[in-house]
Engineer: 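Let me begin by handing over the structure; questions about it come next.
Note on naming: letters A, B, ... go to the chains in the order of the sequence lines (proteins, then strands), and numbering restarts at 1 for each one. Keep in mind that the numbers below use all heavy atoms, side chains included, and drop hydrogens, waters and symmetry copies. Keep in mind it's a predicted model, so treat the numbers as computed, not measured.
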Amino acid sequence: MLTLSINGQPRQFVAPLTVADLVQQLDLLGKRVAIERNGDIVPRSTFAATALAEGDQLEIVVAVGGG
Amino acid sequence: MSDVFTIAGQSFSSRLLVGTGKYKDFAQTREAIEASGADIVTVAIRRVNIGQNPNEPSLLDAVPPSRFTYLPNTAGCYSADDAVRTLRLARELLDGHKLVKLEVLGDSTTLYPNVRETLKAAETLVKDGFDVMVYTSDDPIIAKELEQIGCVAVMPLASLIGSGMGILNPWNLRLIIENAKVPVLVDAGVGTASDAAIAMELGCDGILMNTAIAAAKDPVRMARAMKLAVEAGRESFLAGRMPRKLYSADPSSPVSGLIGAK
């Protein structure tokens with residue numbers, strides 16, 4: 001098992017896991033999101049090649065209404 | 001008569017920029033933005049709601065980025081670091097989009113900008129290749145510093161964010177406008193159409209607002225009012241107002257040729 005922090009919440013996943021797998025498992029496929037891993041942007045083009053590790057801190061964001 | 005509004009080399013037809021927050025629903029958001037005539041709309045960047053129905057309507061459907069220029073903002077950030085991270089995420093989210101609004105807040109009661117953190121974030125973002133439109137206080141020295149850092153537009157508050165208190169210090173705005181070589185936009189504080197017209201008559205290049213439209217009883221109608229006010233204020237500024245003549249009336253009708261006394 002792999003414990004990740006996603007948007008501040010701990011969540012468990014089956015290892016191994018790439019960012020692309022994560023997007024699919026969180027039901028975010030096809031949604032326009034941006035992801036930061038441990039403070040660095042993960043470009044969309046590298047989702048499939050980026051393997052996640054125990055304790056990774058992920059921020060997954062979208063655009064919402066705002067001033 | 002051509003009167004082009006240019007930011008970072010890009011021309012826009014409307015000098016009114018609007019936010020996309022606080023509306024009843026996406027239909028009203030869309031309708032109000034259409035009525036405002038705005039080309040540029042601000043959007044916020046927030047954590048995705050995990051577990052949400054993936055087919056839930058999103059802002060991107062209501063206000064498509066193909067039709068409007070998105071201005072991702074850092075509203076809600078209280079440090080330079082958070083603001084920079086937020087805009088890097090926004091750039092990735094919007095496929096390399098560079099035009100952004102920087103706003104670093106000082107406290108949650110006044111939402112007054114933290115100028116020290118704003119300057120720091122502006123430096124990092126400009127070096128990182130962003131075109132930064134920056135929300136700031138109405139301090140002319142700070143406005144100049146932000147311009148010198150390389151911000152593409154300086155956006156002083158007219159009064160506190162969401163307060164609708166109007167143009168509280170027109171003299172400072174004038175000082176900022178007269179010294180600036182980049183566009184100056186009033187960002188925050190406009191409450192009603194006359195406030196927008198006053199800001200434009202002072203020589204502002206544009207106005208950014210959200211609450212004044214979204215919190216009106218009829219947001220779509222207010223959006224139209226704001227569009228007209230910004231246009232009227234701009235035309236009035238370009239036309240050049242008559243001089244004020246205090247205590248010295250001047251009749252509009254001929255003073256001679258009046259009928260005789262009975």
Engineer: Quick one: closest heavy-atom pair of B/L93 and A/V61, and the distance?
Structural biologist: CD1-O, 3.7 Å
Engineer: A quick test of your reading: do over 12 heavy atoms of other residues, nucleotides or ligands sit less than 6.0 Å from CD of A/Q25?
Structural biologist: yes
Engineer: Between A/A63 and B/I45, what is the shortest heavy-atom contact and its length?
Structural biologist: CA-CD1, 4.3 Å
Engineer: Please find the pair of heavy atoms, one from A/G65 and one from B/A44, that lie closest to each other, and give the distance.
Structural biologist: O-CB, 4.0 Å
Engineer: So do the side chains of B/D95 and A/R32 get within less than 4.5 Å of each other, counting heavy atoms only?
Structural biologist: yes
Engineer: Once you round to the nearest 0.5 Å, how far does CD1 of A/I6 lie from CD1 of B/I50?
Structural biologist: 5.5 Å
Engineer: To the nearest 0.5 Å, what is the distance between CD on B/E92 and CD on A/E36?
Structural biologist: 11.5 Å
Engineer: Among B/N210, B/I161, B/D187, B/T42, which has the most heavy-atom pairs under 4.5 Å with chain A?
Structural biologist: B/T42
Engineer: Measure the CD1-CG distance between A/I60 and B/N49 for me, rounded to the nearest 0.5 Å.
Structural biologist: 12.0 Å
Engineer: Between chain B and each of A/G8, A/G30, A/G39, A/G67, count heavy-atom pairs under 4.5 Å; write down the option with the most.
Structural biologist: A/G67
Engineer: Non-hydrogen contacts under 4.5 angstrom with chain B: give the residues of residues 9-21 of chain A involved, or none if there are none.
Structural biologist: A/R11
Engineer: At a 4.5 Å cut-off on heavy atoms, which part of B/L94 comes close to chain A: side chain, backbone, both, or neither?
Structural biologist: both
